[in-house]
Each structure stands twice: as C-alpha cells, then as structure tokens.
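Hydrogens, waters and symmetry mates play no part in the numbers below; they use all other heavy atoms, side chains included. Here is how names work: the chains are called A, B, and so on, in the same order as the sequence lines, proteins then strands, and each is numbered from 1.
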Protein chains: 2
Amino acid sequence: MGRSRTRARVTLSDVAAESGVSTITVSRALREPHRVSAPLRERIDAAVEALGYVPNLAAQALASQHTNVIGVLIPSVTNNVFSDLLSAIYDTVSHTRFQIQLANTQYSVSEEEKLVRIFLNQRPAGLVVTGIDQSAACRQLLSEANCPVIQIMETAPDPIDMMVGFSHYDGAARAARHLIEKGYRRIGFIGARMDPRTQRRMEGCLSVLDAFGMLDRDLVSTTEEISSVNLGAAMLGALVDRRPDLDAVFTNNDDLALGALFECQRRAIAVPDALGICGFNDLEMVRASAPSLTSVDTRRGEMGQRAMTMLMDAIEGKRPQKRVVDLSSTVIARQSTARGTRDDPAR
Amino acid sequence: MGRSRTRARVTLSDVAAESGVSTITVSRALREPHRVSAPLRERIDAAVEALGYVPNLAAQALASQHTNVIGVLIPSVTNNVFSDLLSAIYDTVSHTRFQIQLANTQYSVSEEEKLVRIFLNQRPAGLVVTGIDQSAACRQLLSEANCPVIQIMETAPDPIDMMVGFSHYDGAARAARHLIEKGYRRIGFIGARMDPRTQRRMEGCLSVLDAFGMLDRDLVSTTEEISSVNLGAAMLGALVDRRPDLDAVFTNNDDLALGALFECQRRAIAVPDALGICGFNDLEMVRASAPSLTSVDTRRGEMGQRAMTMLMDAIEGKRPQKRVVDLSSTVIARQSTARGTRDDPAR
DNA sequence: TTGTACGCGTTATCAG
DNA sequence: CTGATAACGCGTACAA
C-alpha cells in the first residue's frame, strides 16, 4: 500500500464511447481491421491513440480461450549454451504478436512436467521444450496439447510434434574422430553434470574410441557437479596426475575445455603437441584463446531462429513439410588439436 | 490446426460440485485455507487432487485486478552478467506464489518504456528494472505504478521506489587505485558497448588516473561494438601496437579482460610483469585462467536475491527501512596484477 | 464459517 | 458492415 493512485484504466468501452460505436466494433477494428469500414476504423484508431488504450491481456485470454504467449522451457538460465539460444528466440519473436514466457526446469523432469501443466492451462499459442527426455506423463500432456509444440536441442525419430536440433551422439563422435585423425591415441573424456545430452555425447565419443580400439575407461572422468571453467581445470589436473600418458581430451563443453587449457598452461603442458583439447558448443570465447580451441559448432543461433519460425508458422496453420529438422554439427578445427598428421597446422 | 481435442477443462465449479460446496468456498479453501473448516478443506483438497484442477490465471487476474507476475526487465539475455543475476532471481522466487516474466530491453530506453507500459497494464505484483537511465515518461509511469518497483545494478540518491546495486563509478575507481598501488603508471582503459553503466565505470577509472596525474587520453580505447572475448583481444592488440609503453589496462568487463590476456599470451607480453590486467564483474572463469585475473566482484547473486526479497516483502506490505541498498564492490586481487609493490604476490 | 449476486474486460455467436 | 447478448472463470462485497 501507500504508493500513488491508479489512473482509471482505459477499456474497450471507453474507446467505443469516444468514437460512438459499440465495443465489439472497436474490438474488431483492432483485430480484423479489414472487416470494419474505413471511416469507422479511422475514428477508432484516433480514439485509441487519444485515450492511450492498451488491451487487457487477461480479459482477452479469458474471452477468447487462447493467448499469444509462447512458453519456453529450458533447463538453466546460466548456461552459456542456452543464453545464445534465448537470444535468438527473443530476436525472432520481437515485432511479432507473440510474447515469450520463459520457465526454468533446473534439469528436472518433474519440474518440467509441473511447468508444462501450468503452461498448458493458460492456453499458450505454442510451447518450446528442451530435449527429448520428458516424463511419460509430460509427453502425454504435450501430445494432447491444443497448440504446436517444438522440441529443441536434439533430434530423435519420434517427435512429440516438431523438433529442431542435432544428434549429440554424432557431434561427439565427430570430435573423437577428429582427435584420432590428428594422431592422438590416448584420448580421455571429461564431462560434468551428466544430464541426458551430456551422456549421449559421452556415448558418442566412447563408441568411436572403442571402434578404433582406443577405449580406455580409466581415461574417462565424469562428475555430477555443475560444469565450470574451474572444474575443467581441476578435472584435467586430476586426470593428468593419474595418467601422465594422456595425449588428448574431449571435454563435454567449452567451459571445461577452457579450464583444461588453463591447467595445461599452469603445468607447462604443451597444447596441442603434448596434449590435444577439443571442446563442445563453440562458444565465442574459444576462438580467442591462445592457443585457440577446437570445438564442435552446434549452430544454436540458427536453432533458436528455426524453432521459432516453425512454431509461429504452425500456430498460423502452416505445418512444416518435415517435422524434424536436423541441423547437424561441425568440428571447427583450431590450434588446440593442430598437431598435424595429415591436415596442415592451423594458422 | 488438426491437433487433438482439448479435454474439457476443470474449473472451480467442477471442484465445487465434486466436493458438494459452492465455488467461493473452494476459492477460499485454496487461497485462505484457515478461513475454511478443516473437514471441508480436506474434501476440497481431495477433489482438487482427483480432478487435477489448475487455476485459470487469466480469470484470476481479471476478477481480482492483480496478478502474481513479477516483471523483470533486463537489457540483454546473452550477457553473462545478467545470467548470474537471473539465476539468483529465479532461485529466490521459486516456491513462492510469484512467477517471473522476463523482458528484454536490448539496451534501448524506448523499448524499455514500451515494455513498462505493457507490463503495467497487466497489473504485475511487482517490477524489476535495470539501472537508473529510464526515460522521463518511463520514470513517471513507474512512480505512478500501483505496485512496488525495484531498480537493480546501480545505486543513486533518487530511487523511483527501491533500489539495490552498487556504484559503477566507485567500483572502477577502486580498480584504478589498485593498479596504481601495484606500481603501474601508464594505465589504459578498454571499454565496449558503452552503455550508461559502462560509461560511469570509465569515468570512475579516469577520474582516479587524473587525480594521480596519470591520465593519458591516448590510452583510452572504446567502441560501441558488443563486448566479447575476441573484441578484448583485438582492442588490446591495437592499443599495444599504438602505445607499446602501456603497462596496465582496466577493461570494462571480464570478457574483454580475458581477451586481453589471450592477446598478451600470443604476443608473449608477460602478465603481470610487463602488463597488468584488471577486469570487472568477477565472472567464474577469471579465477581459473593462467595467470588468474584480477577483477571487481559486484555480488550479482546477492543483488538478485536481495532485490527479490525486498520486492516480495514490499508486495506483502512490508516496506524496507532503507529504500536504497548499496552492495558496494570489491577488487579481488589475483595474479594478473601481482607485480607486487607493497602487497605480497598472489599465490 | 459459508453462500449469493455481480462484475472484471474482452470475444463468440447470432441478428440485423 | 455493425450491434445486442451471453459467456469466459474467478474474486469481491455483502449477506446469512
């Protein structure tokens, strides 16, 4: 209490009174201008302007039984990976009639299910969910939803509705093959948090190492802790202490890779000659480091943009030809793996 | 169109029918349980559970003329600085009745004003806005708002309502003094984007240099470009090319500082002996680098937490004793400035 | 402690 | 092309 008084809010009927028509006509003039005669439209627009009318979203939602809200569920707001994605999502949606409502599942499927339930009850225009590891109940809810749903970050053969992402397994497999091609032989793996996508990356990496007869479980280091640069440094340090013969690591993401690089610098381990490092996600910063870090580009900006375009199209009734868009991923070879066997060393 | 049919939604009156009471009693049992007799409460809770009732937020908002939405306006979703803040905000609000609605001003005051207008019309429970540089109209709107408003990231003597942050001017001044104490004499400044807070940091830094007779405008490098690690590397490179006598830089944030460090590594410029580097914000990663980077801790986690606590208290009518909370900021001295004049060198 | 009547601001439906 | 009327689902104000 105690703050200044509310100015009486301007409603549709105020605008109607001002322009001498009924409320429904104002409502139509705003939503379907072509269905209202030109002179009326002008009078109404003028009245809206003069009175400073702003629609009441709650009333719209209640009356029409739908909203312009696109719900976006991501596991974390801190992770750099998602901030790139979010940025693209916001950009794509700005200047459309839709608004983003962001929710945070904290990597919990039960939290995700709870949030989906809440969102669905508010009749969103569309929903974006991260990954493919929803609970059975959540999948059920989403497939019965009366709005388009798009899963992002991953691909799989059984989309709930639509999907745009890439195979984490394949991306990591590419990274492993890259390290092998560069001549590394005792290749380790460092992973943190170990959420489902992280695990699939690990599997992709290990399967390739196995296929080449190079799999050594003792070179695999994982933790449930949240990924960070400092953690990458600590994990690389521990791994090298235990296995000084390690000659390359694939880290589950770029934070860990950068930490690993720093630890190498501290220990005077030569990168890439004594140790190769490959990260994942290709964050902006790994291009800048010295040496620059090899990473896997996952085109998150394009992913966010495509996801929102597909979703908004679907909301307008334009269903995509293909419900699953695979953006794939690409190894960006840089100095940290440029030991050079067949490729020329990076600049 | 063409997705599966909506199940008839469960409303208050369904629950009322199921438990044999009137709708208003159900409504009360949900919002003010103590005002309903125990047996009824139990019957109602059971019915809610059995039917899977979820309140319709639009109807609540329309009937009660207020919402549990806390609007949060930040300039960027990509900037690491805001992700730390956001994370604290989400954590503090989770498990309360409030929900966050995030909006993105893109560092534009006109966009901010537009968003405030939209938010205010939906009767938010509270509003969080970034900084102190709102447009006059926006300030006006916010001071007439019938909900608590808190400005974050900065402090000033004239809060719109409440405020929690720190002085960017002072923080940068501390950084400059730290560099001087460490024996650096030809101190440069590197800044990107140059939003209002960035500018105040620049002013704080330059004023100290000036007071010590060390201000050299030729050592100041700024750009409107968005800050990034790569940009930090490029800007440091250009500055050193032009002024090889530079012996320290204060960078406007940690991205730039890290880029500067990388560029030094590439050019074999010894940090901290030949060049000292001090960043701003104390991101997690700057503790891990080799050498570790000195930075200014701005306690963003605490800021987010305090802001939400103050706001939620104010919503419940508990106005704070002091409307402006100054969290201050602290130089965290690390290896990148440990040339050691009076302090002992960092570990 | 519980219930009745009504209104919140908008849109759907059906007439004119 | 325009309007009257009735919802939408819930909370407020008052009554019992």
Side-chain angles (χ1 to χ4, degrees), chain A residues 6-45 47-48 51-69 97 118 120-125 146, chain B residues 6-45 47-48 51-69 97 118 120-125 146:
Chain A
T6 314
R7 303 176 313 231
R9 68 184 324 155
V10 179
T11 71
L12 259 197
S13 43
D14 296 327
V15 178
E18 175 80 6
S19 38
V21 296
S22 71
T23 60
I24 188 66
T25 304
V26 178
S27 174
R28 270 199 286 257
L30 264 24
R31 288 174 301 134
E32 314 165 285
H34 61 281
R35 292 174 45 90
V36 168
S37 68
L40 265 193
R41 214 185 313 146
E42 281 169 30
R43 286 227 307 277
I44 291 171
D45 287 349
V48 164
L51 270 43
Y53 169 74
V54 181
N56 182 322
L57 265 36
Q60 283 186 332
L62 187 58
S64 70
Q65 300 286 62
H66 68 253
T67 65
N68 287 331
V69 169
R97 66 185 170 100
I118 293 175
L120 247 26
N121 228 268
Q122 315 317 320
R123 310 229 172 230
N146 57 350
Chain B
T6 313
R7 302 176 315 231
R9 67 185 327 156
V10 179
T11 71
L12 260 195
S13 43
D14 295 327
V15 178
E18 176 80 6
S19 36
V21 296
S22 71
T23 62
I24 188 63
T25 304
V26 178
S27 173
R28 269 199 284 259
L30 262 26
R31 288 172 302 130
E32 313 165 288
H34 61 281
R35 292 174 45 88
V36 168
S37 67
L40 264 193
R41 215 185 315 147
E42 281 170 29
R43 286 225 309 276
I44 292 171
D45 287 349
V48 165
L51 269 44
Y53 169 73
V54 180
N56 181 321
L57 266 34
Q60 284 185 332
L62 189 57
S64 70
Q65 299 286 61
H66 67 252
T67 65
N68 288 330
V69 169
R97 66 186 169 97
I118 295 175
L120 248 25
N121 228 267
Q122 313 318 322
R123 310 230 172 227
N146 57 350

Next item on the list: Would you classify B/I24 as touching base, sugar-phosphate or nothing, given that sugar-phosphate means primed atoms plus P, OP1 and OP2, and contacts are heavy atoms under 4.0 Å?
Entry: base
Among the nucleotides D/dG9, C/dG9, D/dT12, whichever has the atom closest to the side chain of B/T11 is D/dG9
Rounded to whole Å, CZ of B/R35 lies from C1' of C/dT1 at a distance of 8 Å
- prompt: Do side-chain atoms of A/S64 reach the backbone of A/Q60 as a donor and acceptor pair under 3.5 angstrom?
  reply: yes
Of B/R28 and B/S64, the one whose closest nucleotide on DNA chain C sits nearer the 5' end is B/R28
When rounded to whole Å, the CG to P distance for the pair B/N56 and C/dT11 reads 16 Å
Is there a side-chain contact between A/S22 and the phosphate of D/dG3, meaning an N or O under 4.0 Å from OP1 or OP2? yes
Separation of D/dC1 atom P from A/E32 atom CD, nearest Å, is 11 Å
In whole angstroms, the gap separating P of C/dC8 from CG of B/N121 amounts to 16 Å
Problem - Donor-acceptor under 3.5 Å (B/T11 side chain, B/S13 main chain) - result: yes
- A/Q65 side chain vs A/R123 backbone, donor-acceptor pair below 3.5 Å: no
Between CG of B/L12 and C1' of C/dG3 the distance, given in whole Å, is 14 Å
query = OP1 or OP2 of D/dC10 less than 4.0 angstrom from a side-chain nitrogen or oxygen of B/Q65, does that happen here?
reply = no
Practice prompt. Would you indicate, yes or no, if D/dT2 has its OP1 or OP2 atom less than 4.0 angstrom from a side-chain nitrogen or oxygen of A/T25?
Written response: no
Requested in this report: State whether A/S37 places a side-chain N or O below 4.0 Å from either non-bridging phosphate oxygen (OP1 or OP2) of D/dT2.
Outcome: yes
note: A/Q122, atom CD; D/dC8, atom P; distance rounded to Å ~ 17 Å
To the nearest angstrom, the CG-C1' distance between B/L57 and D/dG9 comes to 11 Å
Q) Are OP1 or OP2 of C/dT11 and a side-chain N or O of A/R31 less than 4.0 angstrom apart? A) yes
Taken to the nearest 0.5 Å, the spacing of A/R41 CZ from A/S19 OG works out to 13.5 Å
Picking from C/dT11, D/dG9, D/dG3, the nucleotide nearest the side-chain atoms of A/T23 would be C/dT11
With the side chain defined as heavy atoms from C-beta on, A/L62 is closest, among C/dG9, D/dG11, D/dA4, to C/dG9
message = Looking at B/N121 and B/I118, would you say the former's side chain and the latter's main chain have a donor-acceptor pair under 3.5 Å?
response = no
Requested in this report: Please determine if a side-chain N or O atom of B/Q60 lies less than 4.0 Å away from the OP1 or OP2 oxygen of D/dC10.
Outcome: no
To the nearest angstrom, the OH-P distance between A/Y53 and C/dG9 comes to 10 Å
key: Side-chain N,O (A/S27) to OP1/OP2 (C/dT11) below 4.0 Å   = yes
